[in-house]
Number of protein chains: 2
Amino acid sequence: MPRLPEVNPVKRMGMASDFDTAMCPVRNVLDHISTKWTPLILLTLQAGPLRFSQLHKQVPDISKRMLTQSLRDLERDGLLSRKVFPTKPPSVEYELTALGASVMLPLGALVDWADKNFEKIKLSRQAFDQDNEAA
Amino acid sequence: MPRLPEVNPVKRMGMASDFDTAMCPVRNVLDHISTKWTPLILLTLQAGPLRFSQLHKQVPDISKRMLTQSLRDLERDGLLSRKVFPTKPPSVEYELTALGASVMLPLGALVDWADKNFEKIKLSRQAFDQDNEAA
DNA sequence: CAGGATCCTATTGGATACTG
DNA sequence: CAGTATCCAATAGGATCCTG
């Protein structure tokens with residue numbers, strides 16, 4: 001997903017642009033929600049507001065760089081709020097907004113689905129890989 | 001997302017592995033469902049089975065390469081079936097499985113959410129970008 | 001503490017050409 | 001038709017160092 005300057009890259013110039021991806025909510029919204037990290041972050045914040053370092057500990061394996069970037073994306077989309085407390089050293093608290101909380105309904109359902117069907121999927125993968133051992 | 005050999009890359013050796021990502025359904029399942037293309041493909045197949053070329057036309061902008069790869073992934077996870085008809089030239093039909101159909105409930109809800117909140121999100125982005133024009 | 005900046009590697013993914 | 005193979009450009013993302 002591109003960062004801030006959301007341009008519409010029409011690759012095949014002169015071909016009378018076929019489809020405006022910037023107009024498509026599925027692409028435009030889901031691309032931000034369904035990255036490697038965002039579901040984990042949103043899920044973690046569902047229990048309540050957390051500071052940067054707390055999040056860093058609770059989301060396994062994420063780097064500071066990606067955490068910062070993901071948090072900025074989510075803040076920009078209005079899914080969470082960022083409050084800076086002028087302590088020294090500063091502390092910053094992240095919290096789901098109403099919009100962010102609202103996405104957790106469908107997103108939570110998807111996570112539940114993943115939980116319930118994980119075994120089934122692993123079996124399917126095994127079977128598929130065995131069939132393709134004609135390599 | 002890695003292809004077939006799903007190994008667990010423990011980067012910091014000797015550090016007593018902290019977290020097994022292969023055990024986490026959110027990572028393991030959602031990473032496959034929430035890519036750039038999979039939601040579009042599943043959504044398209046919801047209306048009924050389609051052949052490769054039909055899918056290629058109906059999913060905007062996807063390349064043959066990525067379509068093939070995404071279809072393989074979804075087949076491996078058991079979300080869709082692939083039926084080859086021995087015609088000449090061959091035709092191949094893709095269809096949602098029961099499992100694939102079942103994921104469309106939460107996934108469809110997420111898409112609906114994206115639709116409903118797209119405007120709100122675009123406004124939030126505008127506001128955010130304007131505030132940050134202190135660059 | 002919460003990041004920003006930089007560097008560098010790995011992965012993603014498009015374009016193109018070829019095949020049963 | 002439905003891919004596979006190859007090459008190459010763009011992006012993601014980790015590691016490290018620096019700062020108010």
Side-chain angles (χ1 to χ4, degrees), chain A residues 1-13 15 18-19 21 27 31-32 34-38 40-41 49-75 80 82-94 132 134-135, chain B residues 1-7 9-13 15 18 21 27 31-32 34-38 40-41 49-75 80 82-94 132 134-135:
Chain A
M1 137 196 25
R3 296 290 299 154
L4 295 187
E6 200 126 325
V7 285
N8 182 16
V10 179
K11 291 136 257 168
R12 301 166 308 218
M13 289 289 287
M15 266 241 182
D18 32 335
F19 181 77
T21 80
R27 303 277 273 267
D31 275 10
H32 285 47
S34 68
T35 67
K36 187 174 181 182
W37 302 113
T38 17
L40 281 314
I41 294 173
L50 284 176
R51 292 176 50 188
F52 186 85
S53 47
Q54 311 289 347
L55 262 172
H56 196 16
K57 275 170 206 156
Q58 294 200 31
V59 178
D61 270 348
I62 196 171
S63 67
K64 260 172 34 165
R65 191 180 176 280
M66 287 320 294
L67 181 55
T68 305
Q69 222 173 81
S70 308
L71 287 171
R72 282 298 166 289
D73 266 342
L74 290 170
E75 186 195 358
L80 53 81
R82 175 175 178 273
K83 258 165 254 160
V84 184
F85 296 95
T87 56
K88 233 199 290 206
S91 61
V92 180
E93 202 179 75
Y94 293 93
N132 290 39
Chain B
M1 138 192 29
R3 297 291 298 155
L4 295 188
E6 201 127 323
V7 284
V10 179
K11 289 137 256 164
R12 301 167 309 222
M13 290 288 287
M15 267 240 179
D18 33 336
T21 80
R27 302 277 273 269
D31 275 9
H32 286 46
S34 67
T35 67
K36 186 173 181 183
W37 302 115
T38 17
L40 281 315
I41 293 174
L50 283 177
R51 292 177 50 187
F52 186 88
S53 48
Q54 311 289 345
L55 262 172
H56 196 16
K57 275 170 206 156
Q58 295 200 30
V59 178
D61 271 347
I62 195 171
S63 66
K64 258 173 30 165
R65 190 179 177 283
M66 288 320 294
L67 181 54
T68 305
Q69 224 174 81
S70 309
L71 287 171
R72 283 297 168 286
D73 266 343
L74 290 171
E75 187 195 356
L80 54 80
R82 176 176 179 271
K83 259 164 250 159
V84 184
F85 295 95
T87 56
K88 232 196 296 205
S91 60
V92 179
E93 202 178 76
Y94 293 93
N132 291 37

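Proteins come first, then strands; the chains are lettered A, B, ... in the order of their sequence lines, and each starts at number 1.
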Mind checking what makes side chain to side chain contact (heavy atoms under 4.5 Å, CB included) contact with [X], not counting sequence neighbours?
X: B:Arg82; value: B:Arg72, B:Glu75, B:Val84, B:Val92, B:Tyr94
X: A:Lys57; value: none
X: B:Pro90; value: none

**OP:** Please lay out, stage by stage, how B:Trp37 and B:Val59 fare under the test side-chain contact (heavy atoms from CB on, under 4.5 Å).
**Re:** CA-CA 8 Å; B:Trp37 302 115; B:Val59 178; 4.3 Å; yes

Expressed in angstrom and rounded to an integer, what is the separation of [X] atom [atom1] from [N] atom [atom2]?
X: B:Leu80; N: D:dA2; atom1: CG; atom2: C1'; result: 15 Å
X: A:Lys36; N: C:dA10; atom1: NZ; atom2: C1'; result: 11 Å
X: A:Met66; N: C:dT11; atom1: CE; atom2: C1'; result: 13 Å
X: B:Leu50; N: D:dG3; atom1: CG; atom2: C1'; result: 17 Å
X: A:Arg65; N: C:dC1; atom1: CZ; atom2: P; result: 21 Å
X: B:Gln69; N: D:dT4; atom1: CD; atom2: C1'; result: 11 Å
X: B:Leu67; N: D:dG3; atom1: CG; atom2: P; result: 8 Å
X: B:Asp61; N: C:dG14; atom1: CG; atom2: P; result: 8 Å

**OP:** Begin with the C-alpha distance, continue with both residues' side-chain angles, and end with the deciding distance and a verdict on side-chain contact (heavy atoms from CB on, under 4.5 Å) for A:Asp61 and B:Arg27.
**Re:** CA-CA 12 Å; A:Asp61 270 348; B:Arg27 302 277 273 269; 4.2 Å; yes

Original post:
Roughly how far apart are B:Ile41 CD1 and B:Leu67 CG, rounded to 0.5 Å?
Top reply: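 Going from CD1 on B:Ile41 over to CG on B:Leu67, the span is 5.0 Å.
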
Original post:
Are the side chains of A:Lys36 and A:Ile62 in touch, meaning some heavy atoms are under 4.5 Å apart?
Top reply: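 With C-beta onward as the side chain, the pair stays apart.
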
**OP:** Could I get the full list of side chain to side chain donor-acceptor pair (under 3.5 Å) partners for A:Thr38, not counting sequence neighbours?
**Re:**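 Side chain to side chain donor-acceptor pair (under 3.5 Å) list for A:Thr38, sorted by chain: A:Thr35.
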
Please tabulate, one pair per line, each protein N/O and nucleotide N/O from nucleotides 2-4 of chain C that are separated by under 3.5 Å, including the distance.
unit_1 : atom_1 : unit_2  : atom_2 : d
C:dA2  : OP1    : A:Arg51 : NE     : 3.0
C:dA2  : OP1    : A:Arg51 : NH2    : 3.3
C:dA2  : OP2    : A:Ser53 : N      : 2.8
C:dA2  : OP2    : A:Ser53 : OG     : 2.7
C:dG3  : OP1    : A:Arg72 : NH2    : 2.9
C:dG3  : OP1    : A:Arg82 : NE     : 3.3
C:dG3  : OP1    : A:Arg82 : NH2    : 2.6
C:dG3  : OP2    : A:Tyr94 : OH     : 2.3
C:dG3  : N7     : A:Lys64 : NZ     : 2.9
C:dG3  : O6     : A:Lys64 : NZ     : 3.1

**OP:** Assign each of A:Pro89 and A:Ile62 to its nearest nucleotide of DNA chain D by heavy atoms, then name whichever residue's nucleotide is nearer the 5' end.
**Re:**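 Result: A:Ile62.
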
Original post:
Does the side-chain contact (heavy atoms from CB on, under 4.5 Å) test come out yes or no for A:Lys64 and A:Phe52, once each step is laid out?
Top reply: CA-CA 9 Å; A:Lys64 260 172 34 165; A:Phe52 186 85; 3.8 Å; yes

Subject >> Inter-axis angle, terminal five-pair segments of the helix from C:dC1-D:dG20 to C:dG20-D:dC1 [nearest 10°] >> reply: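 Taking the rotation axis at each end, their angle is 50°.
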
